[in-house]
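So the structure is just underneath, and the comments pick up after that.
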Amino acid sequence: MFNPSRWRNIVTAKTLFVMLFMAGIGLIVSIVSLLYLSQHLISSKINAIDAHRSALSVDGAIQTSVNRVMSLVVDNAIWDDAVHKVYAPVLDTRWLYETWGAGFKINNLYDGTFVLDQRYQVLWGSFHSQSFNEHDLTFFGEGLRALIAQHKAELASGKNVYAGITQTREGIAFVGIGLIRPMTSRLNVYDATRRYLIITRHINPGILKDLGNTFQIANLNFTPQKHSEYSVPLMSSGGKVVGYLNWQPRLPGAEAAMAASPEIRKIVALAAGLILLFIILSSLGLYKLARGEKQAREIAMTDWLSHLPNRRALIEQLEHATRRGDEELKTVVFIDLDGFKDVNDIYGHDVGDALIVHIAHTLQTQLPTGGMLARLGGDEFAMTVSGADSGQRAAAFAGMVLDTLSQPIQIGERTIHISASIGIASGILENSTSSELFRRADIAMYHSKITGKGRITHYDAELNSAREYQLGIENDIRDGLENNEFDVWYQPIVDARSQKMTSVEALVRWPRRPKGELKPDAFIAIAETSGLIYALGQFVLRRACTDLQKFDGLRLSVNISPAQFRDPEFENKVAQVIESCHFPPYRLQLEVTETYVLENPERARSAIANLKALGTAIALDDFGTGYSSIGYLRRFNFDTIKIDKSLAGLVDSDDQAAALVSGTIRIASALGMKVVAEGVENEKQMKLLRLAGCDQLQGFWFSEPMPIASLLQLRQQRQC
Ligand code: C2E
Ligand code: CA
Ligand code: CA
């Protein structure tokens, strides 16, 4: 069965699940990116800090190297022995070589030593322990020249020594210069004569390696050009960039990140796991919720007994079609079982339930394609089908249902006969609402009920007005009972021989109906189908017993509808009335028609037996209008048979009718039943019926029905 709301449910649950899943994945991605982003940020910050520190270290290494050369100059130039040697008129080159020139080989603290005069001409030099034979400063490059130019005066006065960086012909060198002067005393020259000591130390891989080790700088190297961001420029004393010192960055941030990676991966896995767990748990909850809701809806939409869709499901489906603007023809078939209440009353509810399940199953197998069958409750079913040919298909279905139900149904050991009253209505939902379609099918079904049951009625407008009329009467009866609009009249029944009134039949009258009096024939059937007959019948019985209580010796006959007889409490109700009215039970006779007796022989027999046990007599009313033979009816032990006026009234004109009447009377008498003939309208009829052997007679020939006051008068007259 298609159920739109169930579908809606599943869709919502799915969407929610997808949303939850996406949100979860989004959360995982953001957490992971956040973690990695911050890790990256921290590591690059650490790297930047380290790069800065390395640059400072390299600067420090350069400065240290410059300072070392300066210290060397201080140590060697401010020296009394050297003063003696270099200020002598003739330079002691041997001493110079042994003292300074050979030092290169020994301590590797410098590679060149030079002695200059006051004009900065090289007097003596040794480079890499080889004698240096140039006189000007070309070899030393602009760095030294700048150093000299900047500090000429201080150099000459011997105030200070200076060091810096220069580019010599041999490469980049740390260079220092200072006046050669005695340690303690003043320099003892009285002219411009000056001797300067220059020390050079060229940058080479060895030096850089030492510096790197000392300052913890990896792979410190020199390049003339800058080719990486991890480098500092080497500035000559003249402010010229003469090259770059480069190093290999340690990238401690990256290292730290590498080191922390496993932990971060664990955190990511944990977070992802927790979020996934959250998604799974939420989805599970969501699934359970959706399933619970689905089940609840299914329960709410399903009939608990037959498991068919229920009234709500059917209406919802039709309303869904209306909302969709479905312009297809829709047909509703209403099925109401006849006599189901009796099955419940006689065999018990278990058998009743089993019968409903059996019938539900049978109907389901006959369902036209695309049709939907629902149990509306009790013994009511409805089927809907759509399409241009839905009317024909529904009619075929209804026909099959009647056919099937005409077969007795076996429930356990019981064989049950049941029929159904069916109503069919078609319409396009745009013009009529689904409830209107239901109402029409219901009206048609109702018509089947009141016109003999076990049949199919197709709705038409006339039925509608008939139904409306009936509903009006129903309301009138209800009001009438409340407003005391009903009376009971009595029609005498006389002894056929003595012609004396032996009993009366109570007949209901409605004189005070505001819209005008109605005959019982016009409202009893409506009271029966609407259930109002229970109250009305009870009213008549009570009123008649009260009225007749004081008419000692006069018997009372009261009409009982099949519907009343069906009431399992009926016998008790009768007992209560006769007791409360102090009416002697043996004076009471109840008239029943064969309709009920034939429909429910078992219940009828037990009801008759119970009533007889109270002392009450039972009469079969309207004999001759039905189909049963007197032979069949004998088993119910009626006390009296009332031959209907439609038969009795023909005795004077129709020989066949006369023969039938006399035959019936003979058999009834033989079976010990009294016979009453109704509708005696003339003397001839009276005589013929008396001759035929009727015990009692009733009809206008004797008396019409009259109010209790008239009956009282009549009795008093007769008795006088
Ligand atoms: P019924 O039980 O066959 O009642 C007899 C009907 O025949 C009464 O009509 C009565 O007035 C009428 N009748 C009597 N003698 C003659 C006659 O010589 N000629 C003609 N043409 N008719 C005669 P009423 O009172 O209109 O009742 C009609 C039916 O309504 C009754 O038929 C009975 O089936 C039902 N009815 C009346 N009162 C009650 C009641 O209190 N309870 C129930 N359940 N049904 C009632
Ligand atoms: Ca009657
Ligand atoms: Ca009758």
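Both ligands and their constituent atoms are indexed starting at 1 by order of listing. For reference, positions follow the sequence shown, starting with 1.
For the ligand labelled ligand 1, residue Glu681 lies inside the 4.0 Å heavy-atom shell. Under a 4.0 Å heavy-atom criterion, Pro705 is in contact with ligand 1. Not a single heavy atom of Lys642 sits closer than 4.0 Å to an atom of ligand 1. Using 4.0 Å as the threshold, Glu528 has no heavy atom nearer than that to any atom of ligand 1. A heavy-atom separation below 4.0 Å is found between Gln491 and ligand 1.
Under 4.0 Å from ligand 1, not a single heavy atom of Val488 appears. Contact annotation: for Glu704 versus ligand 1, there are no heavy atoms closer than 4.0 Å. Counting heavy atoms closer than 4.0 Å to ligand 1, residue Leu536 contributes nothing at all. The backbone and the side chain of Asn559 each have at least one atom closer than 4.0 Å to an atom of ligand 1 (non-hydrogen atoms only).
With ligand atoms numbered from 1 in the order given, ligand 1 contributes 28 (C), 29 (C), 30 (O) to contacts under 4.0 Å with heavy atoms of Asp521. Distances below 4.0 Å separate heavy atoms of Ser561 from the following atoms of ligand 1: 44 (N). Listed by number with element, the atoms of ligand 1 under 4.0 angstrom from any heavy atom of Val680 are 18 (O). Near Leu507, meaning under 4.0 Å from one of its heavy atoms, ligand 1 places the atoms 4 (O), 8 (C), 10 (C), 25 (O), 37 (C), 38 (N). Counting the atoms of ligand 1 from 1 in the order shown, those under 4.0 Å from a heavy atom of Val540 are 41 (O). Contact atoms of ligand 1 toward Asp622: 3 (O) (distance under 4.0 Å to a heavy atom of the residue).
Considering backbone and side-chain atoms alike, Val508 places an N or O below 3.5 Å from some N or O of ligand 1. Between Trp701 and ligand 1, a contact under 3.5 Å exists for no N or O pair. An N or O contact shorter than 3.5 Å is missing between Asp644 and ligand 1 by distance.
No donor-acceptor distance shorter than 3.5 angstrom exists from the side chain of Asp622 to the backbone of Thr625, with no hydrogens or angles considered. Judged by distance alone, the side chain of Ser448 and the main-chain N or O of Thr457 form a donor-acceptor pair under 3.5 Å. Judged by distance alone, with hydrogens and angles left aside, the side-chain atoms of Asp639 form no donor-acceptor pair with the main-chain N or O of Ala617 at under 3.5 Å. With Arg455 contributing its side chain and Thr451 its backbone, the two residues share a donor-acceptor pair below 3.5 Å.
Gln589 and Ser503 share no side-chain donor-acceptor pair at under 3.5 Å. Residues Asp303 and Ser306 have side chains that bring a donor and an acceptor to within less than 3.5 angstrom of each other.
Ranked by closest heavy atom to atom 25 (O) of ligand 1, the top entry among Glu591, Arg509, Glu678, Lys519 is Arg509. Here the shortest heavy-atom distance to atom 35 (C) of ligand 1, taken over Gly699, Ala506, Pro520, belongs to Pro520.
Taking the six-membered ring where the residue is Trp, Phe565 and Phe570 present tilted rings, their angle falling between 30° and 60°. Ring-plane geometry between Phe523 and Trp510 is classed as perpendicular, the angle between the planes exceeding 60 degrees on a 0 to 90 degree scale with a lower cut at 30.
Within Glu505, the N, O or S atom lying nearest to the Ca ion (ligand 2) carries the name OE2.
Arg311 and Glu380 are joined by a salt bridge, as a carboxylate oxygen and a charged side-chain nitrogen come within less than 4.0 angstrom of each other. Salt bridge Asp695/Arg497: absent, no basic N to carboxylate O contact under 4.0 Å. Using a cutoff of 4.0 Å between basic side-chain nitrogens and carboxylate oxygens, Lys573 and Asp567 are scored as salt-bridged. Look at Glu505 and Lys642 and you find a salt bridge, because one of the NZ, NE, NH1 or NH2 atoms lies within 4.0 Å of a carboxylate O, short of that distance. With salt bridges taken as basic N to acidic carboxylate O contacts below 4.0 Å, one links Arg439 and Glu436.
Metal site remark for the Ca ion (ligand 2): Ser557 contributes no N, O or S atom at a distance under 3.0 Å.
The OE1 atom of Glu591 and the OD2 atom of Asp621 subtend an angle of 80° at the Ca ion (ligand 2), given to the nearest 10 degrees.
Cation-pi geometry between Arg509 and Phe486 is not satisfied (NZ or CZ under 6.0 Å from the ring centre, within 45° of the ring normal).
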